[in-house]
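Report on the structure given below.
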Amino acid sequence: MSPTPYVSALQTFYNTVSKSYNAQTSTIHAGGPDRLVAAAAAAGGVFPGAHVLDLATGTGKIAFAAARKVLPGGSVLGIDISESFLALASHAAEELGVASSVTFLQRDVADLSDLPGREGDGRWADAVTCGSAIAMFPSPKTVLNVLAKEVLKPGGVFVADLWAPHVPAKIFLDVAVPRGFEAPFEPAWLSDTEVAFRRVFEGTGFELRRVDKVGGSTSKWDVGTEEKVEVLWRNLAVEQTWLSFGLEKMSVDVVEGIKWAWVQELGKYGDGEGVVVAEMGQWVAVAVARE
C-alpha cells in the first residue's frame, strides 16, 4: 500500500528529526509514556502476559513502558513509518535488555493487516497504545474501526494521548484556515483536545470510557527579536510538515498574509520579555472495543 503524500511528508520529517527527537521532547513529554501505559493498565489492557500494539511508536518509549508491565509471557509490537525512528528504538531495546519481548516493524497505520502475532482472522491484542499521533492519522475513524473489529480482542483497550495546546502551532491554524489553508488534520486537536477526542470515537467500534488531562508541562518559545520570530515561523511553516503540509501550494501573497497575522497574534501571548509561555497538557483517552 503506497503512503499518501501527507504520510510521505511525515515520514521524511520524522526521519530528519529522529536523532534529536528524544532530546527535544524530554522536558515537554516528561512522564508521558508511563502515564499513558498506566491508564491502559488501569483499564485492564496491560498486565503480565498481555499482547500490546503500539502505533506510531517513534523511539519506543511507550513500547518500553508497556514491556515492563507485560512480562513474563507478554509482548509488545511497535509500528512506525520512520525507519530512522525504528533503528533507534531497536538499538534502545537491545540496550535495555527487552529485545526479546519488544518487536519493531515499519508500517503505516493505514495497513494493519498481517501483523506479527496475528493468527488467521483472530483478534490478538489486549491493548493498543498511541502516543501523540492520532491527530495526524489521515483517517482516524477508519483506523479505529480496524483496531476495534480486527486487531483488539473484544473488550480490548485502546489508549491514546495528545499534548496540547502547542501555542505557535495553534495560532498558525487559527489564522491560516480562514485564509484558505486546508489543515492536514482537524484543528480542534490543538484548540479543544477533549472535544476532538470525543468526536473521533463517535460512530466507531469503541466505547469511550474517559478523556482526562493527566499531566502537563510548561513550554517556552523565545520571540524576543525579529530574527527569532523568523526562525520559529520557518520551523512551523517549512520544517514542521505535520502542521503545514500544503502551505507550499498557496500563493506567496496569501502565505505572507498568514505570516503577518500569525506574528500579530503570537505577540499577544508574550510575557513582556519576548517569551511565549504556555502550559501544555497531556490529554489521555481510554476506550474499549465493543464485543
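Everything quoted here is computed from the prediction, not taken from an experiment. Residue indices begin at 1 and follow the sequence shown.
- When the shell of 6.0 Å around CZ of R234 is examined, it contains 12 or fewer heavy atoms from other residues, nucleotides or ligands.
- In plain terms, the two heavy atoms of K228 and D222 that are nearest each other are NZ-OD2, 2.8 Å.
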Carefully, step by step, assess F181 and F172 under the rule ring-ring contact (aromatic ring centres under 6.0 Å, His included). CA-CA 10 Å; F181 175 66; F172 173 84; 5.5 Å; yes

Between W242 and Y6, is the ring-ring contact (aromatic ring centres under 6.0 Å, His included) condition met? List the steps. CA-CA 8 Å; W242 64 271; Y6 179 54; 9.3 Å; no

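- By the criterion of side-chain heavy atoms lying less than 4.5 angstrom apart, applied directly or through intervening Ile, Leu, Val, Met, Phe, Trp or Tyr residues, F185 is grouped together with I171 in one hydrophobic cluster.
- Here W260 sits alone; no ILVMFWY side chain lies under 4.5 Å from its own, so it joins no hydrophobic cluster.
- Legend: residues meeting side-chain hydrogen bond (donor to acceptor under 3.5 Å, both in side chains) with N15, ordered by chain and number and at least two apart, are S82, E83, S84.
- Annotation: the span from E230 atom CD to K259 atom NZ amounts to 3.5 Å, rounded to 0.5 Å.
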Taking only distance into account, with no hydrogens and no angle test, what donor-acceptor pairs under 3.5 Å do side-chain atoms of residues 202-211 form with protein atoms, sequence neighbours excluded?
from, atom 1, to, atom 2, distance (Å)
T204, OG1, F201, O, 2.8
T204, OG1, F206, N, 3.3
E207, OE2, R209, NE, 3.2
R210, NH1, D212, OD2, 2.4

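- Of all non-hydrogen atoms in A66 and V52, the two that sit nearest each other are CB-CG1, 4.4 Å.
- Comment: D34 engages R68 in a salt bridge, judged by a side-chain N to carboxylate O separation of less than 4.0 angstrom.
- For L96, the side-chain contact (heavy atoms from CB on, under 4.5 Å) partners at least two apart in sequence or on another chain are F64, V98.
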Pair up each side-chain donor or acceptor in residues 246-257 with any protein partner under 3.5 Å, not counting sequence neighbours, and list the distances.
from, atom 1, to, atom 2, distance (Å)
E248, OE1, G246, N, 3.2
S251, OG, V254, N, 3.2

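- By the side-chain contact (heavy atoms from CB on, under 4.5 Å) test, A38 pairs with no residue at all, sequence neighbours left out.
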